Structures are given as structure tokens and as C-alpha cells.
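What follows is one structure encoded as C-alpha cells, with my remarks underneath.
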Amino acid sequence: MQLSEQEIIRRENLQKIRDLGIDPFPPEAFEVTAYAKEITEAFDDEGDKPNFQDVSLAGRLMGSRVMGKASFAELQDSTGRIQIYVTRDEVCPGDNKDLYNKVFKKLLDIGDFIGVKGHVFRTRMGEITVHVKELVVLSKALRPLPVVKRDEEGNVYDAFTDPEQRHRQRYLDLTVNPHVKETFLKRSRLITAMRRFFDDRGWLEVETPILQPIHGGAAARPFATHHNTLDMPLYMRIANELYLKRLIVGGFEGVYEIGKMFRNEGMDRTHNPEFTSMEIYVAYKDYNWMMEMVEKLLEYIAIEVSGHTKVEYDGKQINYAGPYKRLSMFEAIEEFTGIDISQMDEEELRATCKKLHVEVDPSMGKGKLIDEIFGEKVEDNLIQPTYITDYPIEMTPLAKKHRTTEGLVERFELFVNGKEIANAYTELNDPIDQRERFEEQVKLAARGDEEAMALDEDFLRSLEYGMPPTSGLGIGIDRLTMLMTNEHSIQEVLFFPQMRPQRKAEAEETEAEE
RNA sequence: GACUCCGUAGCUCAGUUGGCUAGAGCAUCUGACUUUUAAUCAGAGGGUCCUGGGUUCGAGCCCCAGCGGAGUCACCA
């Protein structure tokens with residue numbers, strides 16, 4: 001491996017620290033008693049006795065301003081940065097000044113972990129600072145960190161911005177770009193809030209198989225794998241719906257799962273091959289109840305994550321306080337095109353598509369044609385949270401037929417900022433109807449539809465034993481996180497988004513070793 | 001999968017119509033400095049110009065192929 005000049009110098013510094021009898025990677029725990037954010041927010045030197053007079057902090061050294069016998073430096077811990085003040089004679093009370101003159105001034109580099117003990121004071125310039133009495137090396141960094149600087153007005157210099165490097169080396173991104181950490185803290189708060197909301201209502205968090213012999217529950221191409229001992233193909237799940245419903249059959253009244261799904265399809269700003277979804281099923285409910293539940297859920301999450309029901313996205317204020325506007329698919333199309341398609345047959349729909357300049361192909365059936373019109377003419381207009389209800393039966397094989405309208409199912413999707421973020425049904429629990437719907441899917445598959453659902457005989461058997469009336473909901477956690485954090489790419493809300501291997505040569509070497 | 005744009009120092013970026021030894025700021029190194037704030041001042045070092053071919057007297061720049069990324073579209077919950 002070819003080392004850069006800076007890497008060579010850091011390795012030399014590492015050895016020099018060892019030569020001074022200091023372990024640059026000490027095994028002992030270091031007791032932390034205070035954090036940067038806590039100190040900068042709560043330090044009080046107005047009264048008789050300033051607080052934080054005996055603190056111990058640990059973190060990375062992120063820059064230093066050395067001036068002879070006294071220096072200022074930046075310490076960055078898990079909560080943020082704080083200035084530290086280090087003087088030679090306090091850090092080195094005896095005759096040996098090596099710790100200051102050699103270790104601190106020369107051998108420590110940006111990125112090294114150090115621990116400091118001392119008291120907090122305010123400098124003449126007004127900055128809250130830790131006056132260091134003891135300093136220890138906790139871990140040496142051998143590679144130079146990107147150095148991002150900010151001036152008083154908050155202007156950023158030499159930002160670490162290349163998306164490729166940021167995503168491949170997320171640890172660097174997290175270290176030098178504070179906003180990134182904030183996004184992932186919000187993601188975590190979002191999931192925690194959602195879990196608490198469900199747990200408080202007595203619904204049970206469960207886990208269902210990720211490796212599935214039949215990839216059911218959604219329309220998507222799967223990742224295929226193989227189990228050696230069983231000598232059988234297995235698929236990474238594209239959905240967990242059919243397993244969660246089996247648990248409702250088994251007698252749980254409410255079950256939910258937050259977990260990864262895998263779809264072997266294109267990648268772009270809103271799609272990663274693995275993504276996190278939340279699915280919940282509640283017995284004795286229908287989709288009308290579910291709409292009210294989702295309103296409460298999102299309002300709760302918005303407040304927990306950002307403090308308000310109104311969250312800015314893309315320069316727009318999105319208001320998550322319910323109730324949300326509800327439009328049937330036909331009403332929505334009529335609202336944005338002026339055309340009532342509810343009574344049209346396939347030929348009339350085809351003519352309407354042509355009139356609206358919506359591209360179609362001959363393989364599309366009635367449901368697909370309606371979906372195309374909706375996607376082209378309506379979706380982008382649904383900025384504030386809006387429910388679209390009552391979808392054509394052809395595209396929704398797991399939802400119950402509409403209670404009043406022939407040809408529709410009891411389904412809704414929630415749209416925010418023109419994107420679908422939730423999907424829910426009054427679940428189909430009639431096993432005979434369900435079998436017929438699966439058989440339709442099998443016919444589609446025979447016609448070459450790679451995404452048609454497979455027939456799951458065991459799932460049908462479970463329904464035949466009886467499933468209570470149930471409503472189910474799925475929410476894409478990544479996309480909801482994007483909305484709550486004002487991020488525009490799914491890569492910004494995943495720690496490690498999928499990327500191509502960096503070098504072909506390296507990939508070939510790895511293969512050769514196997 | 002198609003098209004467009006991008007790839008130069010650890011980081012952010014210049015680099016003219018193809019023309020001397022490829023530049024800047026920060027970072028790094030040497031020195032000065034006991035309250036600094038993007039610390040400052042003086043000096044120094046650091047390059048697989050993404051990779052491989054080609055055109056040319058001469059390529060960071062032009063051509064071809066490849067690798068990686070970003071965007072748009074296609075596909076898709």
C-alpha cells in the first residue's frame with residue numbers, strides 16, 4: 001500500500017509517542033463526566049460559583065491553535081464541539097515538559113481521540129472553554145480527516161461534499177458534517193416514536209422470516225438465494241404481509257414489524273435495494289379506522305421528531321395534523337383532469353389516455369390504465385397529506401372488495417409531497433375470493449408479468465381456518481424519514497446505501513480467494 | 001438499461017486554442033508566539049491529472065474503450 005506523506009508522518013508520530021512511554025491505544029476505560037453540548041448550553045459563570053469546575057471529557061481533537069506555551073484546540077465528542085485551553089506548565093507540572101512540547105504540540109494530529117480533565121471558564125473573547133489540567137491520549141488516527149472550517153458567519157470552507165466519498169466512508173461524513181448525524185438521530189427518534197405509539201395501544205412487535213420459499217405479499221422482483229442443507233431455493237422477502245396475517249389468524253389482535261425488505265429492481269433517489277418498512281395488522285378494524293389511526297400516528301411522529309405538526313419539506317410547510325383530505329381515485333382524477341372515468345370501459349379509458357397524452361401500451365388492462373392516468377395527472381398535486389381511496393380490483397389482489405362499488409377494493413394510499421408513503425387495506429379474509437385473486441395473478445405470470453404474485457397455498461389454508469376482519473397498513477420508513485428530515489435522496493437517510501464496488505480489481509481478488 | 005454531466009494533492013477547487021518543471025486555499029512539515037476563533041507571520045515538502053489504448057513533435061486538455069459517481073428517463077411501491 002502506498003502511503004501519502006501525511007500518513008507516513010502520522011505513523012512516525014505514533015512511534016514517537018510509544019518511544020516516550022505513552023500507549024497511543026491504551027486499554028483502560030476513560031471516565032467521561034460531561035459533554036460538549038451540555039457544557040456550552042448550561043455553563044453559568046454569572047453567580048458566585050461557576051459550575052462545571054471538575055469535568056472530564058473525551059473525543060476527537062479537531063483542530064488546534066498552538067501559541068508557544070499555551071494553546072487552544074477543539075474537542076469534538078458525541079454531542080458536538082467545545083474549545084479546550086491547554087498550557088504547558090499545568091499539563092506538565094514537573095520538569096518533564098514532553099507531554100506538552102512533544103506530544104500535544106507535535107505528535108497529536110487532527111482526528112486523534114484524547115481525554116481531558118479540568119474546569120470550565122469563559123475566555124476574554126467570550127468562548128466557553130475547558131481549561132485542561134490533565135490530558136491523555138486515547139487513540140491515534142493514522143489517516144488525515146477532511147478538515148472542514150467554519151467562520152463566524154457560519155460560512156463553510158472546504159466542505160466534505162462528494163456524495164460518493166460521503167456514502168462510501170460514512171464514518172467520515174458523520175465525523176465532519178454535523179448535519180448528517182442530526183438526520184440519523186431524527187431517523188432513530190422516528191422509529192422509536194412509532195414503536196412507542198403501537199406498544200402503547202397493546203399491539204405486539206413481531207419478527208417474521210426474511211428468507212422465504214415463496215416471495216409473496218407484493219408485486220416486485222426478488223433476490224434469489226439457495227439453502228445448501230435443504231437444497232432448495234429461497235428468496236429474500238419482498239414483503240411480510242402474508243406472515244403477519246397468519247399471526248392474526250393465530251389469534252393476535254394487533255401485530256407489527258419494522259424491518260428490511262429486499263427488491264431486485266432499479267435504484268434511484270427514492271429506491272434502495274434494501275429498505276425498511278413498517279407493516280401493521282389490527283383485527284376487527286377496517287380501512288376507515290386505519291385512516292384515523294394513521295393521522296394520529298403521523299401527527300405524533302412529527303411532534304416527536306421535529307417538535308411541530310408542521311414540517312418543512314422542499315420549501316413547503318407540510319402539516320401532519322389530521323384529518324387529512326380524502327378523495328377516491330375516481331374523484332381525484334376528476335378533480336385534476338375534469339373527466340369522470342368511473343363508468344368507462346377499457347376502450348373509453350384508452351381513448352381518455354390518448355386525449356390526456358398519457359402513454360399506454362396494449363398489454364395494460366383497465367386497472368393499469370387508471371393507474372397511469374393517476375400517476376401522470378394527479379400524484380404531483382398531492383402536496384399536503386391526502387388519502388386516495390378505493391382502487392381498481394385488478395392491481396390489488398390482497399384487499400377486500402369494496403362494500404358498495406363493483407370493481408373496486410377497500411384500499412387507501414397516503415400521499416405527501418406527491419409521493420406515496422403509506423398503503424393500507426381492509427384485508428381480504430374470504431379464502432375463496434383470495435384463491436381466485438391469486439389465480440388471476442398466476443395467469444398474469446403466465447403472460448410474462450415478472451412481478452405477479454405467486455400463489456401461497458399455506459397462506460390460503462390459514463385463511464380457510466378463519467381470519468377475523470382486519471385492516472393492514474404499510475409505511476416506507478426511509479421515505480417517511482426523508483419527509484421528516486427534509487432530505488431528497490434515500491441515500492441521505494441510509495447509513496450505508498448500496499453502491500457499486502469501488503474497484504473491479506479488488507472485487508476479482510475477493511472472488512479468487514473464495 | 002438509455003442519455004447528459006463529472007473524475008486534477010488528505011479536503012475544496014483553478015488549469016486558456018494541445019505548448020516550459022501542473023497551480024491556489026485549507027491540511028502537512030520547520031521556526032516564532034501565554035486568551036486564540038477559518039489564529040497570525042516566515043519558509044518547505046506533497047501529484048498514478050480515474051484506468052487502458054490512440055492521434056500528435058508534444059495530451060490534464062482531443063479521440064476510443066473501460067471503471068466509478070451525479071442527474072434525467074425507463075423500470076419500480
Side-chain angles (χ1 to χ4, degrees), chain A residues 2-10 12-13 62-74 81 83-90 100 105-106 109-111 121-129 131 141-169 172 176-177 217-221 238-239 241 261 263-273 275 277 279 359 371 375 379 395-396 413-415 419-423 450-451 474-476 478-479 488-491 497 499-508:
Chain A
Q2 196 72 36
L3 294 179
S4 70
E5 180 198 28
Q6 293 193 46
E7 289 172 302
I8 292 166
I9 288 163
R10 280 163 182 256
E12 288 169 0
N13 289 349
M62 294 302 284
S64 57
R65 298 177 282 278
V66 173
M67 300 166 301
K69 293 169 197 159
S71 306
F72 288 91
E74 299 288 327
R81 287 193 190 185
Q83 177 166 272
I84 61 172
Y85 175 61
V86 183
T87 59
R88 187 189 68 187
D89 293 332
E90 284 184 277
Y100 183 80
K105 277 176 73 174
K106 308 278 183 193
D109 295 298
I110 288 175
F121 76 113
R122 195 183 293 269
T123 65
R124 220 155 59 191
M125 305 298 289
E127 178 139 356
I128 294 166
T129 301
H131 189 129
L142 297 184
R143 290 175 184 257
L145 230 42
V147 178
V148 181
K149 295 207 166 192
R150 286 168 191 78
D151 66 16
E152 280 174 27
E153 282 91 50
N155 299 314
V156 175
Y157 299 83
D158 300 326
F160 181 65
T161 53
D162 177 15
E164 179 173 2
Q165 291 192 74
R166 288 185 46 236
H167 299 147
R168 285 191 197 281
Q169 297 185 270
L172 290 184
V176 304
N177 294 327
R221 297 208 301 265
I238 56 173
E241 174 158 355
M261 304 296 156
R263 297 189 182 178
N264 205 342
E265 287 162 352
M267 296 163 57
D268 61 30
R269 233 175 39 255
T270 56
H271 296 81
N272 195 64
F275 62 98
S277 119
E279 295 232 358
E359 280 189 37
D371 195 53
E379 265 187 33
M395 309 196 58
T396 315
E413 292 188 324
L414 175 64
F415 286 83
K419 301 267 164 24
E420 172 235 323
I421 64 155
N423 181 24
E450 286 185 79
E451 283 148 7
I475 293 180
D478 310 290
R479 291 184 189 175
H488 295 77
S489 163
I490 198 168
Q491 297 183 317
M499 299 191 86
R500 282 201 166 79
Q502 207 158 5
R503 284 193 210 102
K504 209 182 168 198
E506 279 178 13
E508 281 166 358

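Bear in mind that the values here come from a model prediction, so they are computed numbers and not experimental data.
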**Report entry** Footprint string (nucleotides 25-34 of chain B, 5' to 3'): B base within contact, S backbone only, - free, heavy atoms under 4.0 Å
**Finding:** BBBSS-S-BB
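- Between the C1' atom of B:rA39 and the CD atom of A:Glu74 lies a distance of 11 Å, rounded to the nearest Å.
- If A:Thr161 and A:Ala220 are placed on RNA chain B by their nearest nucleotide, the residue sitting closer to the 5' end is A:Thr161.
- Using cut-offs of 30° and 60° for the angle between ring planes, the A:Phe72 and A:Tyr85 rings count as tilted.
- Partners of A:Asp162 under the salt bridge (Lys or Arg N to Asp or Glu O under 4.0 Å) rule, at least two apart in sequence or in another chain, do not exist in this structure.
- Rounded to a whole Å, the CD atom of A:Glu7 is 10 Å from the P atom of B:rC11.
- Taking atom CZ of residue A:Phe72 and atom C1' of nucleotide B:rA38, one finds them 16 Å apart after rounding to whole Å.
- For the pair A:Arg150 CZ and B:rA38 C1', the computed distance is 11 Å after rounding to whole Å.
- When side chains are defined from C-beta on, A:Glu265 does not count as touching A:His271, because their heavy atoms never get closer than 4.5 Å.
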Polar atom pairs (N or O), protein with nucleotides 69-71 of chain B, under 3.5 Å:
residue	atom	partner	partner atom	Å
B:rG69	OP1	A:Arg500	N	2.9
B:rG69	OP2	A:Arg500	NH1	3.3
B:rG69	O4'	A:Glu164	OE1	3.2
B:rA70	OP1	A:Gln491	OE1	2.9
B:rA70	OP1	A:Gln491	NE2	3.2

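- Protein atom NE2 of A:His271 is 15 Å distant from nucleotide atom C1' of B:rU72, rounded to whole Å.
- Judged by closest nucleotide on RNA chain B, A:Gly126 is the one of A:Gly126 and A:Arg263 placed further toward the 5' end.
- Rounded to whole angstrom, the span from the CG atom of A:Leu3 across to the C1' atom of B:rG46 amounts to 14 Å.
- For the pair A:Lys419 NZ and B:rC76 C1', the interatomic distance rounds to 13 Å; values are reported in whole Å.
- Residue side chain A:Thr129 does not reach the base of B:rU35 through any donor-acceptor N/O pair under 3.5 Å, judged by distance alone.
- Remark: the separation of the P atoms in B:rU48 and B:rU34 is 39 Å, to the nearest Å.
- In this entry B:rU4 has B:rA70 as its Watson-Crick or G-U wobble partner, both defining distances falling under 3.5 Å.
- B:rG60 and B:rC76 have their P atoms separated by 46 Å, given to the nearest Å.
- With hydrogens and angles ignored, no donor-acceptor pair closer than 3.5 Å exists between the side chain of A:Arg124 and the base of B:rU35.
- An OP1 or OP2 oxygen of B:rU36 is reached within less than 4.0 angstrom by no side-chain nitrogen or oxygen of A:Arg65.
- Nucleotide B:rA38 holds its C1' atom 13 Å from the CD atom of A:Glu127, rounded to whole Å.
- In this model, a side-chain donor or acceptor of A:Gln83 finds a partner on the base of B:rU36 within 3.5 Å.
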